[in-house]
Student: 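Below you will find the structure I want to go over with you.
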Amino acid sequence: MSAYIVFFGPPGCGKGTQASKVKDELGLAQISTGELFRKHLSQETPLGLEAQKYMSKGALVPDEITIGMVRERLQEPDARQGAIFDGFPRTGAQAKALDQLLGELGAELCMVVDFKLPMEESRRRLMGRQEGRADDRPEVIEKRLNDHADVEASVMPHYRARLGLIKEVDAHGTIDEIYQTVLALVKTCLG
Ligand code: ADP
């Protein structure tokens, strides 16, 4: 059985941290579109340079580019047993494309983990983040935070119709507390 799971939530909610821990423990692939774009950029690939135009403004990279990159990433061997999608999908078109991509692999989405965190707390965390990301400037942070409501409105209706698919997780609390909850949820997808 394969476990394909979306981690959804506002910037700063900790979904990337949790996805990375799950990857290490359960051996599922972590497919983080933000990380993939940053990797492309550090290698100065054409895709990375194109994506940078959008990322530096806190805007979404166009669907065609993003979906193409995820399609390729899903071909890699570590994604065969399942993957945690972190930061993807962020539009309705991406959500539809993900269903299609998984269908091509003979798989389907098992779960959407919806990390809940109020905007003030997201802002506080992002403002304090010391990773030195180029898009962690205050005005870009503000745009990413404000756009999240739109992202949620485009993506979540796609999943609400599927009974029981969405699992809400309170993203307050320590990394380890949240991890215990997340891990238990993800394990239910492993059968
Ligand atoms: P955060 O969630 O902290 O804002 P991410 O690392 O997930 O950061 O994403 C950083 C940037 O990469 C986004 O602001 C956007 O420009 C781009 N990006 C990431 N994922 C997507 C996606 N699924 N669709 C379009 N653009 C994306």
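Counting convention: from 1, in listed order, for ligands and their atoms alike. As the structure is a computational prediction, the values presented were derived from the model and not from experiment.
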Student: Flag Thr33 as yes when one of its N or O atoms lies below 3.5 Å from any N or O atom of ligand 1, and as no otherwise.
Tutor: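 Between Thr33 and ligand 1, an N or O pair is found under 3.5 Å apart.
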Student: After noting the C-alpha distance and the side-chain angles of Arg144 and Asp136, does the key distance pass the salt bridge (Lys or Arg N to Asp or Glu O under 4.0 Å) rule?
Tutor: CA-CA 10 Å; Arg144 277 152 52 213; Asp136 275 352; 3.2 Å; yes
Student: Is the contact between Asp86 and ligand 1 made by the side chain, the backbone, both, or neither, using heavy atoms and a 4.0 Å cut-off?
Tutor: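 Asp86 to ligand 1: no contact under 4.0 Å from either part.
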Student: Looking at Arg125 and Glu121, is any side-chain nitrogen of the basic one under 4.0 Å from a carboxylate oxygen of the acidic one?
Tutor: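 Salt bridge: yes.
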Student: Give the residue, atom name and distance (to 0.1 Å) of the protein heavy atom nearest atom 8 (O) of ligand 1.
Tutor: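 The answer is Arg133 NH2, 3.1 Å.
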Student: Can you pull out the closest protein heavy atom to atom 27 (C) of ligand 1? Residue, atom name and distance to 0.1 Å, please.
Tutor: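 Minimum-distance protein heavy atom for atom 27 (C) of ligand 1 reads Phe37 CE1, 3.7 Å.
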Student: Any N/O of Gln94 closer than 3.5 Å to an N/O of ligand 1?
Tutor: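 Yes; the residue has a nitrogen or oxygen that sits under 3.5 Å from a nitrogen or oxygen of the ligand.
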Student: Ignoring hydrogens, just give me the one of Arg144, Met55, Lys15, Arg125 whose non-hydrogen atom is nearest atom 1 (P) of ligand 1.
Tutor: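 The residue whose heavy atom sits nearest atom 1 (P) of ligand 1 is Arg144.
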Student: Considering only heavy atoms of Thr66, which atoms of ligand 1 have at least one such atom less than 4.0 Å away?
Tutor: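 Selected atoms, number and element: 22 (C), 23 (N), 24 (N), 25 (C).
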Student: Check the pair Lys116, Asp170 against salt bridge (Lys or Arg N to Asp or Glu O under 4.0 Å), reporting the backbone distance first and the verdict last.
Tutor: CA-CA 5 Å; Lys116 293 294 192 191; Asp170 181 354; over 6 Å; no
Student: In sequence, state the C-alpha distance, the side-chain angles, and the governing distance for Phe85 and Phe7, and then conclude on ring pair (Phe, Tyr, Trp, His ring centres under 6.0 Å).
Tutor: CA-CA 6 Å; Phe85 298 94; Phe7 279 12; over 10 Å; no
Student: Give the numbers and elements of all ligand 1 atoms closer than 4.0 Å to a heavy atom of Arg38.
Tutor: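 Close to Arg38: 6 (O), 10 (C).
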Student: Tell me, with the steps shown, if Arg73 and Asp78 meet salt bridge (Lys or Arg N to Asp or Glu O under 4.0 Å).
Tutor: CA-CA 9 Å; Arg73 179 65 185 84; Asp78 67 330; 2.8 Å; yes
Student: Is the shortest side-chain N to carboxylate O distance from Arg90 to Asp147 below 4.0 Å?
Tutor: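 Judged by the 4.0 Å cut-off on N to carboxylate O distance, Arg90 and Asp147 do not form a salt bridge.
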Student: For a ring pair (Phe, Tyr, Trp, His ring centres under 6.0 Å) check, start with the C-alpha distance between His148 and Phe8, then their side-chain angles and the critical distance, and finish with the verdict.
Tutor: CA-CA 10 Å; His148 181 69; Phe8 187 84; 5.4 Å; yes
Student: Hey, is ligand 1 close enough to Gly87 that some N/O pair sits below 3.5 Å?
Tutor: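 Looking only at distances, the answer is yes, because the N/O contact criterion of under 3.5 Å is met.
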Student: Counting heavy atoms only, which of Lys143, Arg90, Arg129, Glu35 comes nearest to atom 7 (O) of ligand 1?
Tutor: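 Of the listed residues, Arg90 has the closest heavy atom.
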Student: Quick one: does NZ or CZ of Lys21 land under 6.0 Å from the six-membered ring centre of Tyr179, within 45 degrees of the ring axis?
Tutor: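 Yes.
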Student: Answer side chain, backbone, both or neither: which part of Val61 comes under 4.0 Å from ligand 1, heavy atoms only.
Tutor: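 It is both backbone and side chain that touch ligand 1.
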Student: Which part of Ala59 is near ligand 1, with near meaning a heavy atom under 4.0 Å away: side chain, backbone, both or neither?
Tutor: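 The answer is the backbone of Ala59.
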Student: Judged by non-hydrogen atoms, does Lys57 sit under 4.0 Å from ligand 1?
Tutor: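 Lys57 does not count as a contact of ligand 1 under the 4.0 Å cut-off.
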Student: Salt bridge check, Arg162 against Asp99: does any charged N sit closer than 4.0 Å to a carboxylate O?
Tutor: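 A salt bridge links Asp99 with Arg162.
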